[in-house]
Amino acid sequence: MKPFISIIIPVYNVAPFIKSCLHSVLNQTYKNIEIIIINDKTTDESISIIKDVLQKETPSVPIKIIEHAENKGLSSARNTGIKNSRGEYLYFLDSDDEISTDCIETLSNRAKISCADIVIGDYIVQGSSDFFPPLELGTSIIKQYFGYFLRIC
């Protein structure tokens with residue numbers, strides 16, 4: 001079955017965070033996903049942590065680990081993920097971030113209901129002494145010339 005959502009995770013020197021990031025994706029309530037991990041030539045143990053988690057967890061969704069021959073940067077890693085994705089929608093997840101267990105389900109439901117090209121969700125910044133105002137989006141559909149854009153909370 002073709003995945004509805006491709007989750008693309010570029011990885012470069014994120015050993016302290018990658019386990020939590022990966023667990024947040026593996027524990028999604030929505031399962032019609034594929035996970036694409038791009039090793040952007042990380043120099044720490046990030047990839048061995050990922051492989052260890054995948055060996056212990058036995059994921060129920062397809063996972064690809066793609067290796068860059070040299071560090072190319074975040075944009076290039078995301079582009080590699082796009083080229084290797086099969087989903088109707090893409091979700092870019094930074095490897096030092098986590099998502100709630102219902103994140104993909106909530107966003108995919110809104111995308112299906114509205115036939116949206118883009119779905120945006122709120123975020124919360126944790127673990128920083130800097131102030132980041134919460135992103136609080138109302139629910140609305142914005143009609144544009146090239147399609148519909150949906151904002152959800």
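Side chains are part of it too, since the values below use all heavy atoms of this structure and drop only hydrogens, waters and symmetry mates. We count residues from 1, following the sequence as given.
Side-chain contact check for Leu26 versus Leu54: some heavy-atom pair is nearer than 4.5 Å. Ser85 places a side-chain heavy atom less than 4.5 Å from the side chain of Leu90. Counting only heavy atoms from C-beta outward, the side chains of Pro3 and Ile33 never approach each other to under 4.5 Å. Contact of the Ile82 side chain with the Phe92 side chain is registered, since non-hydrogen atoms from C-beta on lie closer than 4.5 Å. In this structure, the side chains of Pro10 and Asp40 stay at 4.5 Å or more apart for every pair of heavy atoms.
Ser108 meets the side-chain contact (heavy atoms from CB on, under 4.5 Å) test with Phe4, Ile5, Tyr30; sequence neighbours excluded.
Scanning all heavy atoms of the two residues, the minimum distance from Asn13 to Thr42 falls at N-OG1, 2.7 Å. What you find for Ala77 and His68 is that their closest heavy atoms are CA-CE1, 3.6 Å. Taking all atoms of both residues into account, the shortest heavy-atom contact from Arg110 to Val119 is CB-CG1, 4.4 Å. When all heavy atoms of Ile37 and Leu22 are compared, the pair lying nearest together is CD1-CD1, 4.2 Å. Nearest heavy-atom pair, Glu34 versus Ser6, reported as atom, atom and distance to 0.1 Å: OE2-OG, 2.5 Å.
Separation of atoms NE2 (His23) and CD (Glu98) is listed at 10.0 Å; rounding is to 0.5 Å. To the nearest 0.5 Å, atoms CD1 (Ile8) and NZ (Lys83) are separated by 11.5 Å. One distance of note links OG of Ser24 with CD1 of Ile7; it measures 8.0 Å at 0.5 Å rounding. Distance CD/Gln28 to CG/Asp102: 7.5 Å, rounded to 0.5 Å. Here Glu45 contributes atom CD and Ile50 contributes atom CD1; the two are 11.0 Å apart, rounded to the nearest 0.5 Å.
With Ser95 contributing its side chain and Ile18 its backbone, the two residues share no donor-acceptor pair below 3.5 Å. The backbone N or O of Asp96 sits nowhere less than 3.5 Å from a side-chain atom of Asp94 that would complete a donor-acceptor pair. Between the side chain of Asn27 and the backbone N or O of Thr101 there is no donor-acceptor pair closer than 3.5 Å. With hydrogens and angles ignored, the 3.5 Å screen pairs no side-chain donor or acceptor of Asp52 with any backbone N or O of Ser48.
Cluster membership check: Leu107 shares its hydrophobic cluster with Tyr89, using side-chain heavy-atom separations under 4.5 Å among Ile, Leu, Val, Met, Phe, Trp and Tyr. Connection of Ile38 to Val14 is not established within any shared hydrophobic cluster, with ILVMFWY side chains joined at heavy-atom distances below 4.5 Å, either directly or through further cluster members. Transitive grouping of hydrophobic side chains (ILVMFWY, heavy atoms separated by less than 4.5 Å) keeps Tyr12 and Ile35 in distinct clusters.
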Under 3.5 Å, side-chain donor or acceptor atoms of residues 59-67 against the rest of the protein: list the pairs with distances, not counting sequence neighbours.
| residue | atom | partner | partner atom | Å |
| --- | --- | --- | --- | --- |
| Lys64 | NZ | Asn84 | O | 2.6 |
| Glu67 | OE1 | Asn39 | ND2 | 2.6 |

Exercise for the section: Would you sort out whether Tyr91 and Ile99 count as a side-chain contact (heavy atoms from CB on, under 4.5 Å), showing the intermediate values? Expected result: CA-CA 11 Å; Tyr91 187 94; Ile99 54 178; 3.2 Å; yes
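Dense packing is recorded around NZ of Lys112, with more than 12 heavy atoms of other residues, nucleotides or ligands lying under 6.0 Å away.
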